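Lettering of chains follows the sequences in order, A, B, ..., and the numbering in each one begins at 1. All figures in this text were calculated on a predicted structure; none of them were measured in a lab.
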Number of protein chains: 2
Amino acid sequence: MPRTADHEERRRQIAGAVRELISEHGLDAVTVARTAAAAGMSVGLVQHYFRSKDEMLLHAFNEVSAAIRDRAGERIRAGIEHRRPIAWVLAEALTEFVPLDERRRTEFRVTRAFAGRSLDAPALAEVDTETARRVREDIARAVHNGKECGEVAPDLDPWPAAVRLAAVTEGLATQVYRDPAGVNGTPAAELAESLIAAELATVFTGECRQYANGA
Amino acid sequence: MPRTADHEERRRQIAGAVRELISEHGLDAVTVARTAAAAGMSVGLVQHYFRSKDEMLLHAFNEVSAAIRDRAGERIRAGIEHRRPIAWVLAEALTEFVPLDERRRTEFRVTRAFAGRSLDAPALAEVDTETARRVREDIARAVHNGKECGEVAPDLDPWPAAVRLAAVTEGLATQVYRDPAGVNGTPAAELAESLIAAELATVFTGECRQYANGA
DNA sequence: TTGATAACCGTACCACCATACGATAAAAAC
DNA sequence: GTTTTTATCGTATGGTGGTACGGTTATCAA
């Protein structure tokens, strides 16, 4: 074996530089040269880890999408472990998609930029739709679990409910991003959290049986 | 006066070419040369009507945003004139934002592309936020009118309701765009319409008094 | 020690694009 | 009819950016 370096770590460094560049100056400002500079390496090295610029961008988009979804998933996992009501857990998970702090705002800007470019880049579009599909499935699964627990009415179809919850979350995320100050004096953050909670309340209408049992 | 030509008409032609180019090949494919070719004129002529490419893009974005909003406004105006229930009128107006046919799909793609570029283009970002603000106001006004008519409970705050309706509409529009085939067998179009209707039903809970009167 | 392989650097090339510019034609004004 | 102004064209130019490429260093195997 020759001179060694952590391949995946380098790719993450580069993807991180891409993320910061997009968030601060937009996707058009991302050039291979600038990315290399931001990552503290040479142009040649970036080429060593990504055969083309498109591949580099795709990787960055994938990584950011995965990061968001992983955080949401982690919140769900932890919530389940602590025997929280599913509605409560889901509320926390969904707010991960809303740009309520710098990190989430950065990620939101990145996904927004890539969504725009997806128009003529099938590979990027697939990341977008695939991520959305997974989120929808996670939500539908949570609603389904709510039935077994007793929080959700047994005859409720999880799929329309999941689409609705995904839609409000995404829509509210956009609104919070555009007008963080909110509307009519109410900060957008408060508005988003209360509206998500209200929307969840129309799906999770019952009490969780596990609570009565004590688990 | 010298040699004459319809200034606004030419600008509309160019904006139309930009719209088609974006929708078919993405915002990155829009060059001044290609736009000129698509509009059937020379590069120099495009420059004659727009001092810079940015100005040209800004105009195109403005025009598309206005077109969508105008159609929604027209639906509202016509609905009011025909004494329709406000909930019904609003449902029609909101579906103008959902990409349910080719025209709306084209417009959706254009706004999506511009939203992505808005990250580092303040002028474009302003069009985005301003359009969203106006839509929100239109919805809030409709909810307010619903009170006088008797369709909306008198103590309901129109603003959170407007934010919520705008959010679901925008979110559903995105979902329909990404997966027109829908989820679990249900076409996205049906899903979107029924979910918007359901959301409206939580705001417009009463009957319109004008109906009883006959008007 | 030698050779092979991978990590890394810097640059040169090529294509593309926004914009500047000069030129021409036509219509209106005087 | 001359002048002025606008509509229209085509090209030249300067800058930028992706990628190809040649070169260097360091590590491990034989």
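As a whole-Å value, the separation of B:Leu27 CG from C:dC17 C1' is 14 Å. Rounded to an integer number of Å, the gap from B:Glu9 CD to D:dT6 P is 20 Å. Look at CG on B:Leu45: it is 13 Å from C1' on C:dA25, rounded to the nearest Å. Atom-to-atom, CD of A:Gln13 to P of C:dA7 comes out at 13 Å; the value is rounded to the nearest Å. Rounding to whole angstrom units, CE of residue B:Met41 and C1' of D:dG10 are separated by 16 Å. Atom CZ in B:Arg10 sits about 12 Å away from atom C1' in D:dT6, given to the nearest Å.
Legend: salt bridge (charged side-chain N to carboxylate O under 4.0 Å, His left out) pairs involving residues 175-186 of chain A, not counting sequence neighbours, sorted by first then second residue: A:Arg178-B:Asp128, A:Arg178-B:Glu170, A:Asp179-B:Arg136. A ring-ring contact (aromatic ring centres under 6.0 Å, His included) check over residues 57-77 of chain B, counting only residues at least two apart or in different chains, returns the pairs B:Phe50-B:His59, B:Phe61-B:Phe114.
For B:Tyr49, counting side-chain heavy atoms from C-beta on, the closest listed nucleotide (D:dT8, D:dC9, C:dC9) is D:dT8.
Here B:Ser194 pairs with nothing under the side chain to side chain contact (heavy atoms under 4.5 Å, CB included) rule; sequence neighbours left out.
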- Reading nucleotides 17-23 of chain D from the 5' end, what letters show protein touch, with B for base, S for backbone sugar-phosphate only, - for no heavy atom under 4.0 Å? SSBBB--
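When only modelled atom types and interatomic distance are considered, B:Tyr177 and B:Arg109 share a side-chain donor-acceptor pair under 3.5 Å. No hydrogens or angles considered: a donor-acceptor pair under 3.5 Å links the side chains of A:Thr202 and A:Arg164.
Salt-bridge check for B:Arg133 with B:Glu137: passed, with a basic side-chain N closer than 4.0 Å to an acidic carboxylate O. Using a cut-off of 4.0 Å between Lys/Arg side-chain N and Asp/Glu carboxylate O, B:Arg77 and B:Glu81 are scored as salt-bridged.
B:Arg104 places a side-chain N or O within 3.5 Å of a backbone atom of B:Thr95 that can act as its donor or acceptor partner. Formation of a donor-acceptor pair under 3.5 Å by the A:Thr131 side chain with backbone atoms of A:Val127 is found in this model.
Of the side-chain N and O atoms in B:His48, one or more sit less than 4.0 angstrom from OP1 or OP2 of D:dA7.
Counting only heavy atoms from C-beta outward, the side chains of B:Thr106 and B:Glu102 approach each other to under 4.5 Å.
The shortest heavy-atom contact between A:Ala188 and A:Val176 is O-CG2, 3.8 Å.
Near-neighbour residues of DNA chain C inside residues 114-127 of chain B, defined by a heavy atom below 4.0 Å, are absent.
For DNA chain C, if you chain together Watson-Crick or G-U pairs that step i with j, i+1 with j-1 and so on, the runs of at least three with distances under 3.5 Å are C:1-30 with D:1-30.
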